[in-house]
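Chain letters run A, B, ... following the sequence lines, proteins first, then strands; residues in each count from 1.
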There are 2 protein chains.
Amino acid sequence: MIKIMLTERQRGILEFIQTEQREKGITPSTREIQHHFGFASQTSVMQYISTLERKGFLDRHARKARALITPVQKVRITDIPIYGQIPAGMATLTEQTIEGHVSLDARSVNASKNSRTFALRVRGDSMIDAHVLDGDIVILEDRKDVQNGDIVAALIDGETTLKRYVMEHGRPYLKAENPLYPNLVPARELRIQGVMVSLVRKQMPVSRRKRS
Amino acid sequence: MIKIMLTERQRGILEFIQTEQREKGITPSTREIQHHFGFASQTSVMQYISTLERKGFLDRHARKARALITPVQKVRITDIPIYGQIPAGMATLTEQTIEGHVSLDARSVNASKNSRTFALRVRGDSMIDAHVLDGDIVILEDRKDVQNGDIVAALIDGETTLKRYVMEHGRPYLKAENPLYPNLVPARELRIQGVMVSLVRKQMPVSRRKRS
DNA sequence: CGCTTAACTGTTCAGTTGAACATATTTCTC
DNA sequence: GAGAAATATGTTCAACTGAACAGTTAAGCG
């Protein structure tokens, strides 16, 4: 019963709002919706809007023009900053070290909304056996609960590296997924900066691709 | 000289508009911009807006409320449909076979704006040596110019498969990037549905992950 | 010194917009 | 058949909004 709590008309109006926003960049006004559906009164639209809002399909800023917000836009898409390299710790994640942004919806990125999400561009082949390549953008979450086997970004000697977090005999170490790279056993503290939740790869054109 | 054609003030106003849109979901009105910057008149805002529009940093719908559009929103983010399986050909890419959407910015996805972009969920390990895993979402472009070495989605016997396109002795075939899978030499026609331009992977939690 | 451009003020105006009120009809369930 | 919910109408209103007009001030340039 949770699947569709909307009547056909309600769904139509929600879809119209979403389509308009996607295509024109702005949400329609109540009167525009009214004319599109041929209502003689805009009050009908008002009623639909409040119903959709009550059911959680729509959000809005009261008493403002074209201030409808589809949760699709507001909740799902996250704008993730890409850091080239994190210099010291989470404290220093400033605007200046941002290399760019990836924008993708939270669902396909696996992001929980409580924790902070950021991205790193992978350098080197140390995780190639985990199918993470040089140049890939790895999306991480600043989380507390790191589990055995998670791929994490960790701070070692002022450098950020991406490794697999392995707990063995009660002691954690960082495992490279490439026989050519050494595993890292932390001398004292292991500073985890984020847990990998997703990956975005930009496929290079053949001409510029490295031969393997 | 192409880098920054904006004065400090112009840049500030553009950034304010973009930030507001990102955080609140709606673009600010001229008066909201006015009060944020402490202008005594909204005409100042009007002038900035037309300057930004003239320089191509802003788009808008004339005479409509909150109808500013930042090209960031309109141009860069693309909403890509994910098809679970393409049954017959490009002609049958209907709404019904859509499994979901990924939304990400065109830049990180490598998408050119002329060709149609779509996505497929990868099934099986046949491309594992190309570091494409089971469950990955592969973003493809419906392009004409397939090059030797490109990873493509092709239609073989009514099934869509992801393989590497290899041209040898003037004849193309489809190569699996896994020794356990056979290469496919087309009997007659080779129907390329799209060329891989990008990849999105949702990292599974350790508990649900397959042991290898 | 003129000329241009950027930055800004003060005011008016018409069209747009969300909201509210009172009421009517249909559809469905109990 | 009563009641609830969904659907719809008609109208009025205050607030919001973009746009325009007519100016001012400062900086840079040749």
Side-chain angles (χ1 to χ4, degrees), chain A residues 1-18 20-21 24-71 73-74, chain B residues 1-18 20-21 24-71 73-74:
Chain A
M1 280 301 186
I2 321 168
K3 46 179 180 178
I4 310 173
M5 296 156 32
L6 295 180
T7 65
E8 207 171 310
R9 205 65 157 154
Q10 290 169 353
R11 176 166 302 277
I13 284 166
L14 177 61
E15 269 172 21
F16 175 68
I17 294 169
Q18 290 174 336
E20 283 287 295
Q21 177 155 46
K24 301 197 180 150
I26 56 171
T27 47
S29 67
T30 52
R31 273 153 183 96
E32 284 171 355
I33 300 171
Q34 176 196 342
H35 291 134
H36 180 263
F37 287 94
F39 292 137
S41 163
Q42 42 158 338
T43 311
S44 309
V45 180
M46 289 296 290
Q47 286 168 327
Y48 282 115
I49 287 175
S50 33
T51 305
L52 288 170
E53 198 186 358
R54 178 167 41 80
K55 293 188 178 177
F57 289 87
L58 218 55
D59 202 359
R60 59 150 145 197
H61 295 223
R63 293 181 178 277
K64 279 187 181 156
R66 297 176 187 279
L68 295 172
I69 299 167
T70 57
Q73 259 255 319
K74 205 191 172 191
Chain B
M1 278 301 188
I2 320 164
K3 48 179 181 181
I4 311 174
M5 297 157 31
L6 295 180
T7 65
E8 209 172 307
R9 204 63 157 161
Q10 289 170 356
R11 175 166 301 278
I13 284 167
L14 178 62
E15 270 172 20
F16 175 69
I17 294 169
Q18 290 173 336
E20 283 286 296
Q21 177 155 46
K24 301 195 181 154
I26 57 171
T27 47
S29 69
T30 53
R31 272 152 183 99
E32 284 172 356
I33 301 170
Q34 174 195 346
H35 292 135
H36 180 263
F37 288 94
F39 292 137
S41 163
Q42 43 157 340
T43 311
S44 309
V45 180
M46 288 296 289
Q47 286 168 325
Y48 281 115
I49 287 175
S50 33
T51 305
L52 288 169
E53 199 187 357
R54 179 166 40 82
K55 293 188 179 178
F57 289 86
L58 217 55
D59 203 357
R60 59 143 144 207
H61 294 219
R63 293 183 180 277
K64 281 191 180 152
R66 297 178 188 277
L68 294 173
I69 300 168
T70 57
Q73 259 253 323
K74 205 191 172 190

Query raised in the report: Does dA6(D) have OP1 or OP2 sitting under 4.0 Å from an N or O in the side chain of Tyr48(A)?
Result: no

Report task. May I have the distance from Ile33(A) (atom CD1) to dT16(C) (atom P), rounded to whole angstrom? Result -> 16 Å

**Report entry** Sub-4.5 Å side-chain heavy-atom contact between Ile49(B) and Ile13(B)
**Finding:** no

Query raised in the report: Any idea which of dC8(C), dA19(C), dA19(D) is nearest the Arg60(A) side chain?
Result: dA19(C)

Query raised in the report: Starting at the 5' end of DNA chain C and moving along, which residue's nearest nucleotide shows up first, Glu8(B) or Lys64(A)?
Result: Glu8(B)

Query raised in the report: Do the side chains of Lys64(A) and Glu32(B) get nearer than 4.5 Å, heavy atoms only?
Result: yes

Query raised in the report: Under a 4.5 Å cut-off applied to non-hydrogen side-chain atoms, are Tyr48(A) and Phe39(A) in contact?
Result: yes

Query raised in the report: Rounded to the Å, how far apart are Ile49(A) CD1 and dT17(C) P?
Result: 12 Å

Query raised in the report: In whole angstrom, what separates Gln47(B)'s CD from dT25(D)'s P?
Result: 16 Å

Report task. Please evaluate the base of dG18(C) for a donor-acceptor partner in the side chain of Arg31(A) within a cut-off of under 3.5 Å? Result -> yes

Query raised in the report: Got a donor-acceptor pair under 3.5 Å from the side chain of Thr43(B) to the base of dA20(D)?
Result: yes

Requested in this report: Return the value, rounded to whole Å, for the distance between atom CD of Gln42(B) and atom C1' of dA19(D).
Outcome: 8 Å

Query raised in the report: When the distance from NE2 of His61(B) to P of dT17(D) is rounded to whole Å, what number comes out?
Result: 17 Å

Query raised in the report: What is the nucleic acid contact for Ser29(A), judged by heavy atoms within less than 4.0 Å: base, sugar-phosphate only, or nothing?
Result: sugar-phosphate

Query raised in the report: Would you say dT17(C) has OP1 or OP2 under 4.0 Å from some side-chain N or O of Thr30(A)?
Result: no

Query raised in the report: Any side-chain heavy-atom pair from Lys55(A) and Gln10(A) closer than 4.5 angstrom?
Result: yes

**Report entry** Earlier contact from the 5' end, DNA chain C, for Arg63(A) and Arg9(B)
**Finding:** Arg9(B)

Query - Whole-Å distance separating the CD atom of Glu32(B) from the P atom of dA15(D) - result: 17 Å

**Report entry** Atom-pair distance (CZ on Phe39(A); C1' on dT7(D)), nearest Å
**Finding:** 8 Å

**Report entry** Pro28(A) backbone acceptor or donor facing His36(A) side chain under 3.5 Å
**Finding:** no

Requested in this report: Figure out the CD/C1' separation between Gln10(B) and dA6(C), and round it to whole Å.
Outcome: 8 Å

